[in-house]
Amino acid sequence: MTPADTAHTGQGAAGRREAPGRAARADSRPGPWRRGLVLAVPAMLLGLVMLLHAKIPNRIGNLGSLVETFLPWFGLFVPVLLAGALWRRSASAAAALLLPVTVWLNLFGGLLGDKSRPGGDLTVAAHNVGAGNPDPAGAARALAASGADVLALVELTEQARGTYEKELAKAYPYHTVQGTVGLWSELPLSDTRPVDIRTDYGPLADTKPADVKLAYNRALRTTVATKRGPLAVYVAHLGSARVNLTAGFWTDSRDRGAQALGEAVAAERNERVVLLGDLNGTTDDRAFAAITSRLRSAQDVAGHGFGFSWPAGFPVVRIDQILVRGVKAESSWVLPATGSDHLPVAAGISW
C-alpha cells in the first residue's frame, strides 16, 4: 500500500467516524415545534394583555388606563415577533402569534377600512387651538374654511379670544364662550350654561365666587336650533394626563371630569346630543365609561383609520373626540394642522 493509499484510507475512516457524529447532532436539534419557545411565550402574553386589558388593575400607577390608551400600538409587536419566528423557523412561535393577531383584529380591524358615507345634515368640528398657538388668526381662518356648521374651540386664552371672535364672526353669527371653551355656530344658540366638571376640587372650591370659577371653566352646554329640531351640544376640555416616575399615569383631574361630564350627559333631556372637545384620553380607556356608555364615537362609526389627533407633528393617539347620541354619524375625519399641538377633528351627522 502506497502512502497515498494509506492517507486515503485514513480519511475514509475518519469520515465514517464523523458521519454518526453529524447524525447524532442532527437528531439532537429541536424540531420546529420546540424551536423558538422563547418567542412563543411573549406572543401569548401579548395576546392575553390585549384580550384581558380591562382586567389590568389601575391600583398601581393607573397601569390599566395607560395600556388602554396605547392599545392599538400593541399590534406593532406582532411583525417583530413574526420576524423572529421566521428566522428561528419556529412553528410554535408562529402558532402562538395567532392569538394576538386575532385579538387585535377583533378590537381594531373595523377601523382599518373607510366607513364614511356621503351626505349629512350638519358638519361639526372640534379643536384644541393651543394656548401657545403662534398664529391664532391663521388658525381661525383655516377652521372657518373647513365648512363646519358648528365649531367647538377649547384652550382659549384671554389674549387670543378676541382674535378668534373677530376672525370667526363672518362665518359664524352665533357664538358663546364660557371660560376657556367656546362654540361658534351658523345656527342660533340657546339655553347656554357652563358645566361643572369639577376642575376646581377641594374644600375651598365652594367658597369661590361664580365669576372666579367661570374664568377657568372648561366645559359648556348649549342648544343648537337646527331644521330638524334642537341639538344639545357639549364642549369640554378635560384635565391633563401625565406620565411620571413617582405617580405613574396620573389622571386624577381628567377622570374626575370624565365622571362629572358623564353624569351631565346622563341627565340631559334632549335625546339628540353631540359632545365635542379634548378629553385628554382615548375612548378605549376605562376612565371614560360614564361617557362612552351613553355616547358613540363618530370616528369608530364612520371614520377612516384611527383618526389620531395628538401630537400634531406625529399623531399617535386620538384624544380629541366627537361623540354622539340620537343622531347618526355619516363621516369623520381629521383636519390639517393649524399651529396648535393638536389636530382639529370633524364629523358629518344626520338625523
Side-chain angles (χ1 to χ4, degrees), residues 120-129 140 143-144 146-158 160-162 164-199 210-211 213-238 257-258 260-279 290-291 294-298 320-329 344-351:
D121 298 316
L122 200 70
T123 298
V124 298
H127 189 28
N128 180 329
V129 292
L143 293 168
S146 69
D149 303 297
V150 175
L151 173 64
L153 303 185
V154 306
E155 207 167 289
L156 292 167
T157 64
E158 280 296 326
R161 173 178 170 173
Y164 287 107
E165 290 177 328
K166 176 183 177 182
E167 296 294 337
L168 295 173
K170 184 177 181 180
Y172 302 100
Y174 307 96
H175 88 281
T176 179
V177 175
Q178 304 285 319
T180 63
V181 298
L183 188 77
W184 278 257
S185 174
E186 295 180 352
L187 303 168
L189 304 176
S190 63
D191 193 19
T192 301
R193 61 181 183 269
V195 176
D196 182 8
I197 56 171
R198 301 169 193 158
T199 301
D211 58 336
K213 288 185 177 182
L214 183 61
Y216 50 84
N217 176 72
R218 293 167 67 113
L220 67 83
R221 184 260 185 225
T222 191
T223 299
V224 178
T226 78
K227 294 180 180 179
R228 305 296 297 274
L231 176 70
V233 177
Y234 287 77
V235 181
H237 182 198
L238 297 186
L261 188 58
E263 292 169 4
V265 171
E268 174 60 52
R269 295 183 178 182
N270 194 326
E271 63 179 14
R272 299 186 181 97
V273 179
V274 174
L275 168 60
L276 306 165
D278 174 9
L279 302 189
I291 297 173
R294 298 178 176 91
L295 303 172
R296 296 196 67 187
S297 164
D320 301 276
Q321 308 289 353
I322 298 175
L323 304 169
V324 301
R325 181 185 83 191
V327 293
K328 184 179 180 181
V345 295
I349 61 174
S350 64
W351 274 248

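Not measured: the values here are computed from a predicted model.
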Original post:
Any side-chain heavy atom of Thr199 sitting closer than 4.5 Å to one from Asn217?
Top reply: no
**OP:** May I ask you to test the Leu122-Leu187 pair for a side-chain heavy-atom distance under 4.5 Å?
**Re:** yes
Subject >> salt bridge (charged side-chain N to carboxylate O under 4.0 Å, His left out) contacts in which one or both residues fall within residues 170-192, not counting sequence neighbours >> reply: Asp191-Arg193, Asp191-Arg221
**OP:** Evaluate the side-chain contact (heavy atoms from CB on, under 4.5 Å) criterion for residues Val327 and Asp121: first the C-alpha distance (whole Å), next the side-chain angles of each, then the deciding distance (0.1 Å), finally the verdict.
**Re:** CA-CA 10 Å; Val327 293; Asp121 298 316; over 6 Å; no
Original post:
In Å and rounded to the nearest 0.5 Å, what is the CD1 to OH distance from Ile197 to Tyr234?
Top reply: 12.5 Å
Subject >> Non-hydrogen atoms of Ala148 and Ala125 that approach each other most closely >> reply: CB-CB, 3.7 Å
Subject >> Point-to-point distance, once rounded to the nearest 0.5 Å, from CD1 of Ile322 to CD1 of Ile349 >> reply: 9.0 Å
**OP:** For Arg272, check side chain to side chain donor-acceptor pair (under 3.5 Å) against everything at least two apart and list the hits.
**Re:** none
Original post:
At what distance, to the nearest 0.5 angstrom, does CG of Asp149 lie from CG of Leu231?
Top reply: 11.0 Å
**OP:** Would you mind reporting whether Glu155 and Thr157 have side-chain heavy atoms less than 4.5 Å apart?
**Re:** no
Original post:
So with a 6.0 Å cut-off around CZ of Arg294, is the heavy-atom count from everything else above 12?
Top reply: yes
Subject >> For Leu168 against Ala144, the heavy-atom pair lying closest together >> reply: CD2-CB, 3.9 Å
Original post:
For the residue pair Leu220 and Val195, what are the closest heavy atoms and their distance?
Top reply: C-CG2, 3.6 Å
Original post:
In a check of side chain to side chain contact (heavy atoms under 4.5 Å, CB included) between Leu189 and each of Thr223, Leu183, Val150, which one passes?
Top reply: Leu183
Original post:
Going from CG on Leu238 to CG on Leu279, what distance comes out if it is rounded to the nearest 0.5 angstrom?
Top reply: 5.0 Å
Original post:
How would you list, by chain and number, every residue that makes a side-chain contact (heavy atoms from CB on, under 4.5 Å) with Thr180, sequence neighbours excluded?
Top reply: Arg218
**OP:** Not counting sequence neighbours, list each pair that qualifies as a ring pair (Phe, Tyr, Trp, His ring centres under 6.0 Å) and has a residue in residues 175-198.
**Re:** His175-Trp184
Original post:
Rounded to the nearest 0.5 Å, how far does OG of Ser297 lie from CG of Leu275?
Top reply: 10.5 Å
Original post:
Is any side-chain heavy atom of Trp351 closer than 4.5 Å to a side-chain heavy atom of Thr226?
Top reply: yes
**OP:** Quick one: which residue pairs count as a salt bridge (charged side-chain N to carboxylate O under 4.0 Å, His left out) with a foot in residues 173-185, not counting sequence neighbours?
**Re:** none
Original post:
So how far is it from His237 NE2 to Asp278 CG, rounded to the nearest 0.5 Å?
Top reply: 4.0 Å
**OP:** Identify, with sequence neighbours excluded, every residue that meets side-chain contact (heavy atoms from CB on, under 4.5 Å) alongside Arg325.
**Re:** Val265, Glu268, Val273, Leu295
